[in-house]
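Notes to accompany the following structure.
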Amino acid sequence: RIDQLASRPMTLMQAIAKAGGTTDRANLKTVQILRREKGGAQHVIEVNLKKLRKGADRDPLLRDGDIVVVAETFF
């Protein structure tokens, strides 16, 4: 959980860097941010980290309680 990493807002890239970065097997095209809305419903935000690293996409600001999922790829 991001609230365990920092006491101030941070972006997805900052959180990944603070967590030690990604592995060689990380699926960079489909990173997920799991976010709970006020009504309790979970919202999934998909981010292409490859595009983000190239500056082609905006680095999303994480909210308290967000969970970042970087799955592995097998190819």
Side-chain angles (χ1 to χ4, degrees):
R1 291 180 44 157
I2 194 62
D3 58 356
Q4 295 172 340
L5 292 176
S7 59
R8 62 180 185 167
M10 69 171 52
T11 66
L12 175 62
M13 290 289 290
Q14 290 170 330
I16 289 173
K18 189 157 182 112
T22 59
T23 67
D24 292 339
R25 295 185 58 182
N27 181 352
L28 301 180
K29 291 184 179 179
T30 312
V31 174
Q32 295 182 328
I33 301 171
L34 308 179
R35 180 173 289 166
R36 288 254 178 236
E37 300 299 334
K38 290 184 180 184
Q42 182 170 289
H43 180 67
V44 179
I45 302 165
E46 290 193 358
V47 180
N48 184 326
L49 201 57
K50 282 188 170 192
K51 287 184 178 180
L52 187 65
R53 287 179 173 174
K54 292 178 182 178
D57 282 342
R58 185 176 226 164
D59 194 2
L61 187 63
L62 298 176
R63 296 182 187 170
D64 185 35
D66 280 357
I67 298 170
V68 176
V69 179
V70 182
E72 288 186 336
T73 185
F74 297 101
F75 301 104

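The shown structure was predicted, so the numbers you read here are calculated from the model rather than taken from an experiment.
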With Q42 via side-chain contact (heavy atoms from CB on, under 4.5 Å) - residues at least two apart: L34, R36, V44
Is any side-chain heavy atom of V47 less than 4.5 Å from a side-chain heavy atom of P60? yes
Output all residues satisfying side-chain hydrogen bond (donor to acceptor under 3.5 Å, both in side chains) with R58, sequence neighbours left out; order by chain, then residue number. none
NZ of K29 to NZ of K50: how many Å apart, nearest 0.5 Å? 5.0 Å
Could you list the residues that satisfy side-chain hydrogen bond (donor to acceptor under 3.5 Å, both in side chains) with D59, not counting sequence neighbours? T11
E72: what forms a salt bridge (Lys or Arg N to Asp or Glu O under 4.0 Å) with it, not counting sequence neighbours? R25
When rounded to the nearest 0.5 angstrom, what is the spacing between CD1 in I45 and CG in L12? 9.5 Å
Residues two or more places apart in sequence or in another chain: which of them pass side-chain contact (heavy atoms from CB on, under 4.5 Å) with T30? N27, E46
Measure the spacing between CE of M10 and NZ of K18 and express it to the nearest 0.5 Å. 5.5 Å
So, using side-chain contact (heavy atoms from CB on, under 4.5 Å) as the criterion, who are the partners of R53 when residues are at least two apart? M13, T22, L28, L49
